[in-house]
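Step one of this worksheet: look at the structure below.
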Amino acid sequence: MTDRTEAVVIVGGVTGVGVARDLAMRGVDTTLLERGSGLNAGTSGRSHGVLHSGARYAEADPEGAADCLRENGIIREIAAGCVADSGGLFLRLAGDDPEYFERKLDACRDLGMEPELLATDEVRERVPEVSDRLEAGFAIPDGVVYPSRLVAATAASAREHGATIYTDAGVTDIEVAAGRITIHTDGAEIVADTVVNAAGPWAGEVASLAGARLGMRPTRGVMVAVERSGIGPVLNRCREPADGDIVVPHGEQAVLGTTSVAVDDPDDFEREDWEVERTLAECAEMVPSLADATVQRTYWGLRPLYEPDEVGREGRGISRDFAVVAHDTAPGLVSVVGGKLTTHRRMAEAVADRVCEDLGVDEPCRTAVEPLPGAGGPERLDELAREFGAVGPADSDVVGE
Ligand SMILES: Cc1cc2nc3c(=O)[nH]c(=O)nc-3n(C[C@H](O)[C@H](O)[C@H](O)COP(=O)(O)OP(=O)(O)OC[C@H]3O[C@@H](n4cnc5c(N)ncnc54)[C@H](O)[C@@H]3O)c2cc1C
């Protein structure tokens, strides 16, 4: 069977469904292909689920941080039922560099974020179990976003606007010839004018199916969900990025993260006990009672870090901002890589602008202003998450299996 469509979006993580929604809203005939039996099968379902304010990146990557701050506000508007307004804190403990704290605070102010400097007893009022080693803290507008709901609601919106969504549709080959692209999956082929590769950590593999090169350098990170209610805000350790520096509240649980280890094969990588142990131990420096908390589940995600040839292999130093790459060797194939769950809508807008220009479509992006289906109603969102098979380990405690 051969189908014909204008645009194929390869994969159903948050970026892919965001691209499919954007293109469909602009009237582009769009088909999304995901190899998993449900959506949200990759990194999107395996993150901390922090709706970043940008504070984590403020001094190192002000542009990416500004994207986070803006998108944080947009997601709260269009997808209220996907977000818990927890707020967030940056905490400096004894031994952490006071200059780094000041730099971070200034960088947040430069973004227009209005961080709230708190006395230690004010922090303690918000987080009663915080460590006695606390020396300083400030509040920022982080939140918690439930990826299963966000991915499902975005997919539902794409479908409402006419997109076709296939799961169990792993792409096995991409042929580029004479101004059209043929995408092969097991048992079917689709001919398209343009193809968006939004395969996150697998984007290098997908590009190579079309004979194109895309330098990806995924790194893995563990998350440890423990029994612990009442954490309150997202807790960020205020120091240079390091293992075990974030605690995310989830109702009766807290999700602790993370590590950063380079991975060669996104389908086959080690998951090591030291990552769990170190994450628990480091997070317990902020909240000592976490050291004895019962572990409910551990899961690993892969950061879709883009490593163009000129960038060195420096782990956390690689930018987490995103890139849109048009491949000269495979005309019609456009990749969108990097970014964060928080900035997926902005990434989708950037690649959809590019695709619409190529297709001669002159419609503006409306994804920032039109609410997602089910926004404001967690029950309906959870139904959508189950319908799309989108429940991932990041929020299975909240959304339900
Ligand atoms: C440890 C960790 C913690 C994070 N925490 C946060 C956070 O708190 N907040 C935040 O904003 N961001 C966070 N991120 C970043 C964020 O999760 C990712 O940037 C985002 O989810 C990437 O989404 P994606 O759609 O690009 O990729 P993915 O979600 O990985 O989607 C890729 C999809 O491609 C599919 N696929 C692969 N190959 C094929 C093929 N051949 N055919 C069809 N389908 C295929 C996979 O099944 C998968 O569903 C975190 C990342 C990590 C690793």
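As the structure lists them, so they are numbered: ligands from 1, and atoms in each ligand from 1.
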Min side-chain heavy-atom separation Cys356-Glu363 under 4.5 Å: no

N or O pair under 3.5 Å between Val14 and ligand 1: yes

Salt bridge present between Arg4 and Asp193 (N-O < 4.0 angstrom): yes

Cation-pi, Phe269 ring and Arg220 (6.0 angstrom, 45 degrees): no

Heavy-atom gap Pro304 to ligand 1 smaller than 4.0 Å: yes

Shortest protein contact, atom 29 (O) of ligand 1 (heavy atom only): Ser44 OG, 2.5 Å

Side-chain ion pair, Arg380 and Glu383, N-O less than 4.0 Å: yes

Atom indices of ligand 1, in the order listed, that fall short of 4.0 Å to a heavy atom of Thr342: 10 (C), 11 (O)

Residue, atom name and distance, where the atom is the protein heavy atom closest to atom 41 (N) of ligand 1: Val171 O, 3.2 Å

Within-4.5 Å side-chain heavy-atom neighbours: Asp97 and Glu240: no

Met223 heavy atom under 4.0 Å from ligand 1: yes

Residues Trp202, Asp267; criterion side chain to side chain contact (heavy atoms under 4.5 Å, CB included); working and verdict: CA-CA 9 Å; Trp202 292 271; Asp267 283 317; 3.0 Å; yes

Residue, atom name and distance, where the atom is the protein heavy atom closest to atom 47 (O) of ligand 1: Glu34 OE2, 2.6 Å

Protein heavy-atom partner closest to atom 12 (N) of ligand 1 - residue, atom, separation in Å: Leu341 N, 3.2 Å

Arg109/Asp106 salt bridge by N-O under 4.0 Å criterion: yes

Heavy atom of the protein closest to atom 52 (C) of ligand 1 (residue, atom name, distance): Arg303 CG, 3.9 Å

Shortest protein contact, atom 6 (C) of ligand 1 (heavy atom only): Ser47 CB, 3.6 Å

Rounded distance [0.5 Å steps], CG in Leu341 versus CG in Leu51: 8.0 Å

Sub-4.0 Å atoms of ligand 1 with respect to non-hydrogen atoms of His52: 7 (C), 8 (O), 9 (N), 10 (C), 11 (O)

For Leu302, atoms of ligand 1 separated by under 4.0 Å from a heavy atom: 53 (C)

Interfacing atoms of ligand 1 (cut-off 4.0 Å, heavy-atom, Val50): 7 (C), 8 (O), 9 (N), 10 (C), 11 (O)

Where ligand 1 meets Thr258 - atom numbers and elements under 4.0 angstrom, heavy-atom basis: 1 (C)

Protein residue, atom and distance nearest to atom 24 (P) of ligand 1, heavy-atom basis: Thr15 OG1, 3.3 Å

Contact (N/O only, under 3.5 Å) between Trp202 and ligand 1: no

Ion pair check, Arg26 and Asp353, cut-off under 4.0 Å: yes

For atom 28 (P) of ligand 1, closest protein heavy-atom neighbour: Thr43 N, 3.5 Å

Selected option - heavy-atom contact closest to atom 31 (O) of ligand 1, from Gly13, Gly49, Gly38: Gly13

Options Met347, Lys340, Arg35, ranked by nearest heavy atom to atom 43 (C) of ligand 1, top entry: Arg35

His52, Arg345, Arg346 screened by side-chain hydrogen bond (donor to acceptor under 3.5 Å, both in side chains) with Glu71, the one that passes: Arg345

Charged tip of Lys104 within 45° of Phe138 ring normal and under 6.0 Å: no

salt_bridge(Arg149, Asp382) N-O dist < 4.0 Å: yes

Contacting atoms of ligand 1, where contact means under 4.0 angstrom from a heavy atom of Val11: 32 (C), 33 (C), 34 (O), 35 (C), 36 (N), 43 (C), 44 (N), 45 (C)

Per-atom contacts, ligand 1 versus Gly170 - under 4.0 Å to a heavy atom: 42 (N), 43 (C)

Element-labelled atoms of ligand 1 that are located less than 4.0 Å from some non-hydrogen atom of Gly339: 19 (O)

Nearest non-hydrogen partners of Val234 and Gly143, listed with the distance: CG2-O, 3.9 Å

